[in-house]
Amino acid sequence: MKIITTKSELQAAVQACKKEGKKIGLVPTMGALHAGHASLVKRAVRENDICVVSVFVNPTQFNNKEDLAKYPRNIERDAELLSSIGAHFVFAPTPEEMYSAEEMNTTFEFDFAGLDKVMEGKMRPGHFNGVVQVVSRLFYLVQPDKAYFGEKDFQQLAIIHHMVERSSMAGTFGNLQIIDCPIVREESGLALSSRNERLSAEEKQTAVEISKILFESVNWAGDKGATVPSVQKRVINAINAVPGLEVEYYEIVDRTTLLPTDTFKHAIGCVTVYCGPVRLIDNIMYA
Ligand code: PAF
């Protein structure tokens, strides 16, 4: 496995592989890797000849400077894990290598047909512009055949699909296929997240209640007379009743449009919860 820190070296490495007709899989990450990332990487290794993993804490997607500063970083441990599961290249640039000073300080405005105006987009203005800025740059540099993303960040995935579909007409990313990968959970049900590293042992126990309540809500949705607003309210009340948890939002929306829906068909419930100081997200699919 080779660690690459410059864009030019990355482009040269992938171009050489492409010349040999090799298929390239890309897994974009912000590091602090856990078993959830490992499952994406293992799948990319299985389904492609070459697996490129980017490890880059992207400053332009953080609207909160403190969150950016506190984001866990450990490239040595990440590299060890990636090497043990068969990744071929790790791209770990500095922010200065990735962006010019102007790019770092300009707010990019992409049109996501409203997908960015709800839930995370509403709470974290500019977040998805930053995500798409870095992801589209990675697509441009690596020209992957497949790129892998976790369903835990469901809204991010919907926006990336939208971006790729829109640019497919222009042929910007060739025949790039976006691969949706299911949430990986601890045995307790807690969705794996790099942010879990910031939870104390006690907070981690508390955080388990989030997924328990989400799973239970699928049964509530099946109750006679249950409606989307009634289940939404029940989930919020149940989570808020757990000492140490505070819901920021819980919305049951259509899985394609991300807009509020009045049916559980093709619906997903997306939640953001503060567990102490740590902001956690999770989701659950209904029928
Ligand atoms: O999901 C993430 O870790 C990040 O948003 C991503 C896709 C790597 C872009 O920085």
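A quick note: this is a predicted structure, and the numbers were derived from the prediction, not measured. Order of listing sets the numbers, starting from 1, for every ligand and every atom in it. FYI, side chains are in, hydrogens and waters are out, and symmetry mates aren't considered; it's all heavy atoms of this structure.
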- Message: Please check whether Thr29 reaches ligand 1 - meaning an N/O of the residue sits under 3.5 Å from an N/O of the ligand, judged on distance alone.
- Response: no
- Can you sort out which atoms of ligand 1 are near Met30, meaning under 4.0 Å from one of its heavy atoms? 3 (O), 4 (C), 8 (C), 10 (O)
- Report yes if Asn58 has an N/O atom closer than 3.5 Å to an N/O atom of ligand 1; otherwise report no. no
- Under 4.0 Å between a Lys/Arg side-chain N and an Asp/Glu carboxylate O for Arg279 and Glu120? yes
- Task: Would you kindly say whether Ser217 and Tyr286 are connected by a side-chain donor-acceptor distance under 3.5 Å?
- Result: yes
- Answer whether the closest heavy-atom distance between the side chains of Tyr99 and Asn58 falls below 4.5 Å. yes
- Least distance between heavy atoms, His162 atom then Ala113 atom: CE1-CB, 3.7 Å
- Query: Cut-off 3.5 Å, side chains only: do Glu97 and Thr5 have a donor facing an acceptor?
  - Reply: no
- Query: Against heavy atoms of Pro28, which atoms of ligand 1 measure under 4.0 Å?
  - Reply: 8 (C)
- Query: Relative to the heavy atoms of Val134, which atoms of ligand 1 are at a distance of less than 4.0 Å?
  - Reply: 9 (C), 10 (O)
- Message: Can you check which of Lys152, Gln156, Gln61 brings a heavy atom nearest to atom 10 (O) of ligand 1?
- Response: Gln61
